[in-house]
Amino acid sequence: CDIRNLGYEEKRELLATIKQARAFITAMVFQDGSSQLNSEQVLTSSVKGIVVLVKSQTKCLCSPSNSSPAYTWDACNQNDKLIYLKTEWSALWKQEDTHKKYVGQILFQMLHCKVPVICFNAKDFLRTLLAVYGSEISWKQVADSVVLDPRIAAWLINPSDTVPSFECLIQKYFEKSFSMRKVSTNTGFLRNALYQNVGLHLEKLYNAMMDLAHDLQVQGLWKVFCTLELPLIKILAVMETHKIHVNKQELKKTSEILGMRLKELEQEAHQVAGEQFLVTSSSQLREVLFEKLKLHTLCEKIPKTEIQQVESTSEAVLNKLQDLHPLPKIILEYRQVHKIKSTYVDGLLTCMKKGFISSTWNQTGTATGRLSAKHPNIQGISKHPVRIIKKQYIKGKEEEIITISPRTFFVSNKGYTFLAADFSHIELRILADLSSDPELLKLFQEPETTDIFTTLASQWKGIPSEQVKQADREQAKRMVYSVVYGAGKERLAECLGTTTLQASQFIDSFMQKYKKVHEFTKMTIEQCRNKGYVVSIMGRKRPLANINAQDYKLRTQAERQAVNFVVQGSAADLCKMAMVEIFTSVVISPTLTARLVINDYKMF
DNA sequence: TGTCGGACGCTACG
DNA sequence: CGTAGCGTCC
C-alpha cells in the first residue's frame with residue numbers, strides 16, 4: 001500500500017503492525033525509476049522513496065520447506081505487507097510535512113524495535129536515512145538498529161568475488177531459479193506493477209538472506225558476520241555522513257607551487273637528456289634511458305615489467321641508475337612531486353564539496369577482510385612530509401625550502417582536535433602470536449621503551465642495540481613485511497635495493513633465527529592444500545583454488561596469498577573489533593558526544 | 001578528427 | 001599481497 005492514502009486509524013494500525021513485525025526487507029527507489037536492486041547502480045539519481053516488505057512471520061514458521069520459490073510476494077504470505085514510503089517532497093505543503101513526519105515515525109520505529117532490517121547495500125540505506133531524516137533520526141538510533149546485508153554475507157563466504165549487484169547475487173544463489181524479468185522504466189509501466197516487481201525482488205532478497213545465513217552458520221562465519229561486519233555497516237554509514245573540512249586556499253596555493261617546481265624539473269630533465277620528451281611517460285623515459293643513453297649496459301640487470309617484459313623505470317631501478325647519469329635523480333624528484341600534486345592536492349580538490357570531503361567506504365572490496373576507501377582514498381594519503389624547493393623571483397632571498405605534509409590539509413572543527421590511534425606493529429605481533437616463535441615473542445615482553453625494529457635488528461644480527469644503524473633497522477622492518485607479504489628473494493632484493501643473492505641470504509638467516517616463523521608459513525600452506533582455504537584469527541575465510549594447481553606460478557602465488565591472508569586478515573579482524581568496541585562505547589557514553597572518523601588502521 | 005575505455009606502469013597506504 | 005588513483009598509449 002502507498003501510505004499517503006491512509007487515514008488516521010489506518011496509520012495507527014500500520015505503526016502497530018510495524019512494532020510487531022518480525023523482519024523488514026527494504027530497497028530504495030530512485031528518481032529515474034531504478035532501485036537498489038537494479039544492476040545499474042546509479043548514485044547520481046536521488047532517492048524518491050523506500051519500499052519496505054514487512055514480514056509478520058519468519059520464514060521457518062510459515063514455510064519450512066522452500067522447494068517452490070515464491071512467484072508473487074503476496075501469494076506466499078498473506079500477512080506480509082508491502083509499503084511504499086515517499087521520501088521526496090516538492091512543496092512545503094502542510095500535508096507534505098505531516099507525511100514526512102509519519103514516514104520518519106515509521107523508519108524510526110523500524111530501527112528502534114530491533115527487528116532485522118534486510119537490505120542490499122544497507123550502508124547506503126542508512127546513510128540516506130541520516131541525510132533525509134537527520135533531525136528525526138540521529139546516528140545513535142542508527143547505531144541501535146539491527147541491519148543485515150546479504151551482499152556482505154556473500155562476500156564473507158567468498159571474499160574473492162565482490163557480488164556487483166543484486167541480480168548477480170540471485171543468479172549465484174538461485175541458479176536453478178528463473179531468470180529475472182527486467183523492469184523497463186522507459187515504457188509506460190504501471191506504477192503498481194513496478195512496486196509489485198520490487199516486492200517480488202524483496203521476497204527473493206529475503207530468501208537469499210535466509211540461505212546465506214544458513215551457509216554462514218555451516219561455514220563457521222556467523223560470529224564474524226554478527227559481531228564484526230554487521231555492526232560495521234552502521235559505523236561506516238555514520239562515518240560517511242560526517243564531513244571533514246579541508247583547507248582549500250592552502251590546497252590551491254600548494255598546487256601552484258608544485259606546478260612551478262614540476263616545470264623546472266621538466267626543463268632540467270630535457271636538458272640532461274638532450275631532447276624533449278614527456279617526463280610522465282614511462283615508455284618515453286625508457287627510450288631515453290636505455291635506447292639513447294644505454295644506461296643498462298653500465299650496471300647489473302634491469303628488472304623487467306610484468307606484462308610487456310621491457311626494462312622497468314620504477315623507483316628501485318632509478319635508484320640504482322642515479323650515479324651513472326643526472327637524469328634518474330631528476331625523474332625521481334619529478335615523480336614524487338607529481339604524485340603529491342596530482343593525487344593529494346588536485347585530486348583532493350576534485351573530491352571537495354562545499355569545502356568538505358567525505359570518503360566512501362567499501363566493506364566488500366578486498367579479499368583480505370580490510371576496508372577500502374575512495375573519493376578520496378583517505379587510507380592512501382601520504383604520511384611523510386616532502387620538501388619542495390620554491391624559487392622566489394621577488395626581492396629578497398632567491399629560494400626557500402618548504403615542506404608539504406598532505407595530512408595537514410585536513411582541519412578539525414573549532415574546539416575539537418583529531419585523535420589518531422593505531423595498533424603498534426600489529427602484523428608483527430600477529431606473526432609472533434601465530435607462529436609462537438619464542439624469539440619473536442620476547443620482543444614484545446620487553447617494555448616498549450626501545451624501537452621494536454631496532455631491537456629486532458639487534459636480535460637478528462646478534463649485535464648490541466646501540467650499534468644498530470638506521471640502515472639495519474630499515475632492513476629488519478622490510479624483511480618482516482616481506483615475510484608477512486610472502487615476498488620471494490627477487491621482490492625482497494628490489495625492496496631492499498640489494499642483489500638477489502644477498503636478499504636470499506637475508507631470508508635464510510632470518511628463517512634460521514626465527515625458525516617457528518618458517519614453520520608457520522609451511523603449516524599454513526599445508527593446511528590450505530588440505531582444506532582448500534585459509535582462516536584468520538576470528539574465522540574469516542579465503543578459498544584459494546590455485547593452491548593445488550599444476551602451474552608453478554599460479555600455485556606459488558596462492559601460497560603467498562595464503563600466508564598473507566592469515567596475517568593481513570587477522571589484522572583486519574582486530575582493527576574491526578576495535579572500531580566496533582570504540583563505537584559502542586561512544587554510543588552509550590553520555591559524555592563522549594564527538595563523532596568518529598575512523599580510518600582502517602587509524603582513528604582520527 | 002576527437003573521445004572513450006581497456007591495458008599497462010608506477011607508487012602512496014597498510 | 002592487495003587496495004586506490006594518477007598517468008600514458010592504443
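Convention: sequence-line order gives letters A, B, ...; per-chain numbering from 1.
For the residue pair A:Arg335 / A:Thr313, a side-chain donor-acceptor distance below 3.5 Å is found, with atom types taken as modelled.
Ion pairing between a basic and an acidic side chain is recognised when a charged N comes within 4.0 Å of a carboxylate O; A:Glu268 and A:Lys329 show no such pairing. Salt bridge A:Arg529/A:Glu526: present, at least one basic N to carboxylate O contact under 4.0 Å.
The nearest heavy atom of DNA chain C to A:Pro159 and to A:Ser281 marks one nucleotide each, and the one closer to the 5' end goes with A:Pro159. The residue among A:Val484 and A:Leu348 whose nearest nucleotide of DNA chain C is located toward the 5' end is A:Val484.
For A:Ile307, the listed nucleotide lying nearest its side chain is B:dG9; candidates were C:dC1, B:dC13, B:dG9. The listed nucleotides are C:dG2, C:dC9, C:dA4; the one nearest the side chain of A:Leu278 is C:dC9. Comparing B:dC13, C:dG2, C:dC9 by their closest approach to the side chain of A:Arg542 singles out C:dG2.
If you check distances only, the side chain of A:Gln568 does reach the base of B:dG14 with a donor-acceptor pair under 3.5 Å.
Nucleic acid contact class of A:Ile340 (heavy atoms, under 4.0 Å, all strands): none. Counting any heavy atom pair closer than 4.0 Å across all strands shown, A:Lys374 reaches sugar-phosphate atoms only and no base atom. At the heavy-atom level, A:Tyr344 lies under 4.0 Å from the strands shown only through sugar-phosphate atoms. Heavy atoms of A:Gln557 sit under 4.0 angstrom from primed sugar atoms or phosphate atoms, though from no base atom.
Using cut-offs of 30° and 60° for the angle between ring planes, the A:Tyr334 and A:His338 rings count as parallel.
Summarising the geometry, the separation between OH on A:Tyr334 and C1' on B:dA12 is reported as 17 Å, rounded to the nearest angstrom.
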